[in-house]
Amino acid sequence: MPELPEVETVLRTLEHQLNHPVIENVEVYWTRIIAYPDVDTFIKQIKGRKILAYERYGKFLIFDLDDMVWIVHLRMEGKFYVQRPSEAYDKHTHVIFTLDDGRQLRYHDTRKFGRMWLYPKTDEQRYPCFEKFGYDVFDERLTSDYLYHRLHHKKTALKAVLLDQSIMCGIGNIYADEICFAMKMHPETMINHLRKKDFEELIYQTRRIMNGAIRSGGTTIRSYTSSLGVDGRFQLKLKVHAKKGEKCSVCGTEIKKIQVAQRGTCYCPVCQKRK
DNA sequence: ATACTCCCCTGAGAGC
DNA sequence: TGCTCTCAGGGGAGTA
C-alpha cells in the first residue's frame, strides 16, 4: 500500500513521465472516487488545465493546475498508468485523463478506496481534505519539542501515535512497525513514558527510514515501464513488517505478530522493549 | 477527549 | 475444482 515514500516515488515518476501536459478530457467510471466537487463539476473544471507542478503532503499527491489544485489519495491500492488510448484497460480502471500529447493518465484502484478532490488554489495551501491532518513527516515545524508538548501526557500506544495522521502524516502500517523496531521500542509502549530525547529519536528514525525508502523507491524510476507506483522492491529491506515467524535480523528471535490500534503489528520481542 | 466499531471494496488464502 | 468464509487496511462516520 502506498505510504509516504511510495507517494513520493509515484509523484517523481509522474513528473518525469508527463512533464507538463494539458488535461483535455476526463472519463469517470466509478463516481465515488471523486470526493469533491460533484463528478460533473470536477470534469468540467479540470478540463483544459495544465499540470504545472507536482507536490506531496503526507500521503496526498497534489497537482498544481495554476489557479486550481487537483489532490489525490491512493489509499490502499490506487495506481496511475500512463498509456496509449489504444491499450486495453481492465475493470479496475476508474478514471481516465486524456492529455494533449495523445497519451492517457489512467487511475487504477482494485478496492476503490482512493479519492480525488479539486479545489480553487489558496495561498496557504490548506484544503478541506487536509483538515484533520497534522505536519508532514518532513515539515520543519515537526520538532521534538512540538511532539513532546503535544504527547507527553497522553496514555496512547507508540504505534497508535505513529499512525495518527492528525499529529504527523505520511506514516502507514508498514513504516510504523519499522520505526518502532528502529527505536528499539515495543509498539505498545505508552507515549507518556517517552522523554524528550526519545521524541528526537522518533523524528530521526522516522525521517531516516522514509528517506531510505524514497531512495530505493527512486531507483525503480529508471527501470519502470508503463506502470507507476512501487513494486515492493524495498520490502527486501523491511526488518519486521510482514515478517511474522521469521528470525529477527539483529538477534535471531522469532518475530511476533499482535494487534495494536486495530492494526496487524509485527515486532521483535527481544529487541523491542516496553519503556 | 478518547477509543472503539463499522463501513467502504476486492482478492487472496484457508477450510471443506 | 470450486464453493464459502474471513481478513487486510486508510480514513471517515458514528457511538459509548
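Lettering of chains follows the sequences in order, A, B, ..., and the numbering in each one begins at 1.
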Notebook entry, point to check: In degrees rounded to 10°, what angle is found between the helical axes fit to the five outermost pairs at each end of the helix from B/dT2-C/dA16 to B/dC16-C/dG2?
Noted result: 50°
Next item on the list: Could you state the atom-to-atom distance from NZ of A/Lys155 to P of B/dA3 in whole Å?
Entry: 11 Å
Next item on the list: Please report the closest heavy-atom contact between A/Val240 and A/Asp177, naming both atoms and the distance.
Entry: CG2-O, 3.5 Å
Notebook entry, point to check: Which part of the nucleic acid does A/Arg263 contact within heavy-atom distance under 4.0 Å: base, sugar-phosphate only, or nothing?
Noted result: base
Checklist line | A/Thr156 vs B/dT2: side-chain N/O to OP1/OP2 distance below 4.0 Å | finding: no
Note to self: In this structure, how many angstroms lie between the C1' atom of B/dC9 and the CG atom of A/Asp90, rounded?
What the structure shows: 15 Å
Margin query: Quick check on DNA chain B: between A/Asp109 and A/Ala157, whose nearest nucleotide comes earlier from the 5' end?
Written below: A/Ala157
Next item on the list: Let me know, please, whether A/Lys132 or A/Gly264 comes out on the 5' side of the other along DNA chain C by nearest nucleotide.
Entry: A/Gly264
Note to self: For B/dA3 and A/Gln262 - does any side-chain N or O of the residue sit under 4.0 Å from the phosphate oxygens OP1/OP2?
What the structure shows: no
Next item on the list: Considering just the side-chain nitrogens and oxygens of A/His92, establish if one lies under 4.0 Å of OP1 or OP2 belonging to B/dG11.
Entry: yes
Notebook entry, point to check: Is A/Glu188 salt-bridged to A/Arg274, cutoff N-O under 4.0 Å?
Noted result: yes
Checklist line | A/Thr265 side chain to A/Lys257 side chain, donor-acceptor N/O pair below 3.5 angstrom | finding: no
Check: Reading DNA chain C 5' to 3', which nucleotide is the first, and which the last, to come under 4.0 Å of any heavy atom in chain A?
Finding: C/dA8 to C/dA13
Notebook entry, point to check: Atom NZ of A/Lys91 and atom C1' of B/dC9: how far apart are they, to the nearest Å?
Noted result: 12 Å
Notebook entry, point to check: Taking CG from A/Leu151 and C1' from B/dT2, how many angstroms apart are they, rounded to a whole number?
Noted result: 14 Å
Check: So what does A/Phe133 touch, heavy atoms closer than 4.0 Å: a base, only the sugar-phosphate, or nothing?
Finding: sugar-phosphate
Notebook entry, point to check: Using 30° and 60° as the class limits, which term best fits the ring planes of A/Tyr146 and A/Tyr135: parallel, tilted or perpendicular?
Noted result: tilted
Notebook entry, point to check: Roughly, in whole Å, what's the span from CD in A/Glu77 to C1' in B/dT10?
Noted result: 7 Å
Next item on the list: Locate the shortest heavy-atom distance separating A/Gln45 from A/Pro37; write the atom from each residue and the value.
Entry: OE1-CG, 4.1 Å
Check: For residues A/Glu24 and A/Thr98, is any side-chain donor paired with an opposing acceptor at under 3.5 Å?
Finding: no
Next item on the list: Please report, rounded to the nearest Å, how far the P atom of B/dC7 is from the CZ atom of A/Arg111.
Entry: 17 Å
Note to self: Tell me the interatomic distance from A/Arg75, atom CZ, to B/dC9, atom P, rounded to whole angstroms.
What the structure shows: 11 Å
Notebook entry, point to check: To the nearest angstrom, how far is A/Arg150 atom CZ from B/dA1 atom P?
Noted result: 13 Å
Notebook entry, point to check: Can a salt bridge be assigned to the pair A/Lys79 and A/Asp109 using a cut-off of 4.0 Å between side-chain N and carboxylate O?
Noted result: no
Notebook entry, point to check: Between A/Gln125 and A/Tyr127, do the side chains contain an N or O donor and an N or O acceptor separated by less than 3.5 Å?
Noted result: yes
Next item on the list: Return the minimal non-hydrogen interatomic distance between A/Ile191 and A/Lys154, and the atom names on each side.
Entry: CG2-O, 3.0 Å
Item checked: Which residues share a salt bridge (Lys or Arg N to Asp or Glu O under 4.0 Å) with A/Asp145, sequence neighbours left out -> A/Lys196
